[in-house]
Number of protein chains: 2
Amino acid sequence: MRQQHRTAVLTEILLAGTTTRADLMRIVGLSSASITNIVGDLIAEGVVAEVGSRSSSGGRPVAVLGPHPQGAYALGADVGERGVAVELFDLSMRVIDREEVEGDHTEPVSRIIDDISIAVAALRERHHDIWPRLTGLGLALPGPVEVNADGSQTLHAQSLGWPAVPVGHFAAMNLPVFADNGAKAQARAEMWFGAARGAEHAVVALFGRGVGMGTIIDGALHRGAHSSAGEWGHVSIRPGGRECRCGNLGCIEAYAGADAILEEWERRGGPPQQSSGWDSMVALLDAAATGDNEAAGVVNDVVDVIGAGLGGLINLLNPERVVVGGWVGMLLMDRCQQALRSAMDAYSLTRPASQATLVPSHFRGDAIALGAAILAFEPLLDGSYRSRRHHVAG
Amino acid sequence: MRQQHRTAVLTEILLAGTTTRADLMRIVGLSSASITNIVGDLIAEGVVAEVGSRSSSGGRPVAVLGPHPQGAYALGADVGERGVAVELFDLSMRVIDREEVEGDHTEPVSRIIDDISIAVAALRERHHDIWPRLTGLGLALPGPVEVNADGSQTLHAQSLGWPAVPVGHFAAMNLPVFADNGAKAQARAEMWFGAARGAEHAVVALFGRGVGMGTIIDGALHRGAHSSAGEWGHVSIRPGGRECRCGNLGCIEAYAGADAILEEWERRGGPPQQSSGWDSMVALLDAAATGDNEAAGVVNDVVDVIGAGLGGLINLLNPERVVVGGWVGMLLMDRCQQALRSAMDAYSLTRPASQATLVPSHFRGDAIALGAAILAFEPLLDGSYRSRRHHVAG
DNA sequence: GGACTTAACTTATCACGTGAACTAATGGGT
DNA sequence: ACCCATTAGTTCACGTGATAAGTTAAGTCC
């Protein structure tokens, strides 16, 4: 019972960055006495600290509370199709250090697992002093992560041609491992510290090489029965249309994925792809903006598909916010936000459309590793990490 | 705090129909002592009763608990496009009486409000003895019911050409009024007593003249930011396709709504529509089954559209169950369940598809009035009805 | 510097869930 | 027929934890 309130208080402190006891009282809905007790516990545990004070128009100054940055650490790993990036975060969610291993998704999974181990080992070498305070390793994986009946997790990245991999195999250095889909990881980051902050109902749509989504429903990330909800990229938007790497026809990803967009441009007479997808995409958008009819046609089609997809989500889910991210998504929001908004509105009912705001991701690059780290911090919230430590110690 | 447990216990008793204290202990997760206390309270309130006993292999017999049918009553109103049906339910969810008023959705809203009042008045006339134990009137309305900032509700049935109507205007006879969309009402009925029972994640898709949906997420009906989530009928499935009564092109309803299906058959050379849509639809399915190429083509197209729609929902939501209802839906599940299943699988990823079962609605007719009545019973669960009564009495 | 304000802590109390002991109700063995 | 084993359900003393009210802390303002 106390657990619930502890979780609520600590969540609010981490979420807000800085708070006061009075604010917690108001937001969590407990009496000042209880807040005092719970905050006292959290300070004793070392995860919360008084980080300053503000005068209060004639009275005792307010003690400002915040997470104690050195109270706990977590690793967040962005396991992408192009390599592994592992970042070390402190409890204030700042990146302390970072280790990258270039790779390729055509490699066997065992190689990727090795890459993670190498990166984690390098970080441990440099930060052995804080290692005992690590809550775990969060993994953002490039495919649906299912929860099995026994509570274990399995990665099913079929579209990459990988076999089903038990997440336990990623376990590195005896750290507790927590895994989730990359899109859900970024959605979690947006929900805690990004553009979806404070929204009870939001959609986080990500456009990169692949197309993914995270849905926030009643303030929590939606998982579905076997936690593979959110495979939006493979929802059919043009039945019988282009073939997708998932094998079906007409998926959103087959129209709004980076490769699909650039291939379509080439097919319509655009230049051959440049060294990086980013450069090509910028070239496409520049060409469209400067009156190139072919380029404009490609971009319009993409905007139309994305508008139809997002419009459908608005009708289905009635979100108050739609966050668009991923590197392609960010470029589109930079250059064509108005067109996207119009397309989205055209494909949805007036009222739910008017209730949703369309915003870009809050993070310049992506926030996948951050989202993975948040996942690894979550055991801290309900005290299960602390009690496990006690158990081990006793 | 007690409220939560009271709610859990009473919900389980109503849901199960009959239970025992031992079962409640197991399911709700409280000690036998607490179950005794809470059940004692509920019996004292008159909403729960010991309805029998079972011998227990050499020991004191188990007392079987169930809802006390006469403990409370509620009205459920199905406000459809063709009239109003108000049903009176007791706490065991049996229909005690029923009153219908034929109508037409081209009538002004005020007329419909009058029809509800007339039906409710007729029922009160016949059941004045139980009137004081009515928890309220649940309204299932033919359009999205939004919750306003002040907690009041407004009906926005734009597609019927109705203006926005405050739900308060439907208030009849000084009864507390609770409103929801018709599709959500039926979804609620399926969730409590129908085909979605026990499912934590389910989709209830309804096909009649219109196409609607209710989504069950984490065991609760999903509402969205302004509670107009679930407008699945107006999700675009064929961008740029047929015009829908909502004004957009290519909506699911424009392909899978009863009128759309029958018009398409006529367009392709089918016979002119018969007296009732039901008869025409049966004729269409019969013709398709007996080798009529035009009819089979129409049916195949409908199955394809519905499969694409449901497949998308499976990818997005990862439900464990998909319930298909509504009169058209029931006919299709009778005649073409296999085809529907195949279409759905074709339009979704293998894993989430294999995790979802496809089942018809549990109710022969529709269960909209039942769902509306459940809505009106809900204040009983958290004790807010009881405390209101006390307040009024004191 | 005393009156006043506001924050945060302490204390007495109360609500509620729990385990353990106890009562209730029945079947079966002798 | 009687009593004990068995299972169901209740009562009770206790512990946890939230709370309101009262207290102490740390300032501002006149």
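Quick note on labels: first sequence line is chain A, next is B, and so on, each numbered from 1.
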Practice task
May I ask you to list the residues of residues 7-18 of chain B, by number, that have any heavy atom positioned under 4.0 Å from an atom of DNA chain D?
Solution key: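 Correct list: empty, so none.
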Tabulate atom names and distances for all N/O pairs under 3.5 angstrom spanning the protein and nucleotides 2-4 of chain D.
none

Problem - With sequence neighbours excluded, residues passing ring-ring contact (aromatic ring centres under 6.0 Å, His included) with A:His222 - result: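 Once residues adjacent in sequence are excluded, the partners of A:His222 under the ring-ring contact (aromatic ring centres under 6.0 Å, His included) criterion are B:His201.
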Identify, with sequence neighbours excluded, every residue that meets side chain to side chain donor-acceptor pair (under 3.5 Å) alongside [X].
X        : answer
B:Asn37  : none
B:Glu190 : B:Gln186, B:Ser361
B:His362 : none
B:Gln70  : none

Handout entry: Listed once per pair and sorted, the side chain to side chain donor-acceptor pair (under 3.5 Å) pairs that draw on residues 9-18 of chain B, sequence neighbours left out
Key =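 Matches after skipping sequence neighbours: none remain.
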Practice task
Can you check each nucleotide of nucleotides 9-24 of chain D against protein heavy atoms at under 4.0 Å and return B for base, S for sugar-phosphate only, - for none, in 5' to 3' order?
Solution key: SBB-----SSBB----
For [X], which residues count as a salt bridge (Lys or Arg N to Asp or Glu O under 4.0 Å) partner, sequence neighbours excluded?
X        : value
B:Arg188 : B:Asp180, B:Glu378
A:Asp218 : none
B:Asp90  : none

Handout entry: Spacing of A:Asp23 atom CG and A:Leu65 atom CG [to the nearest 0.5 Å]
Key =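 That separation rounds to 9.5 Å.
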Handout entry: Euclidean distance, atom CD of residue B:Gln4 to atom P of C:dA15 [Å, nearest integer]
Key =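 The distance from CD of B:Gln4 to P of C:dA15 comes to 18 Å, rounded to the nearest Å.
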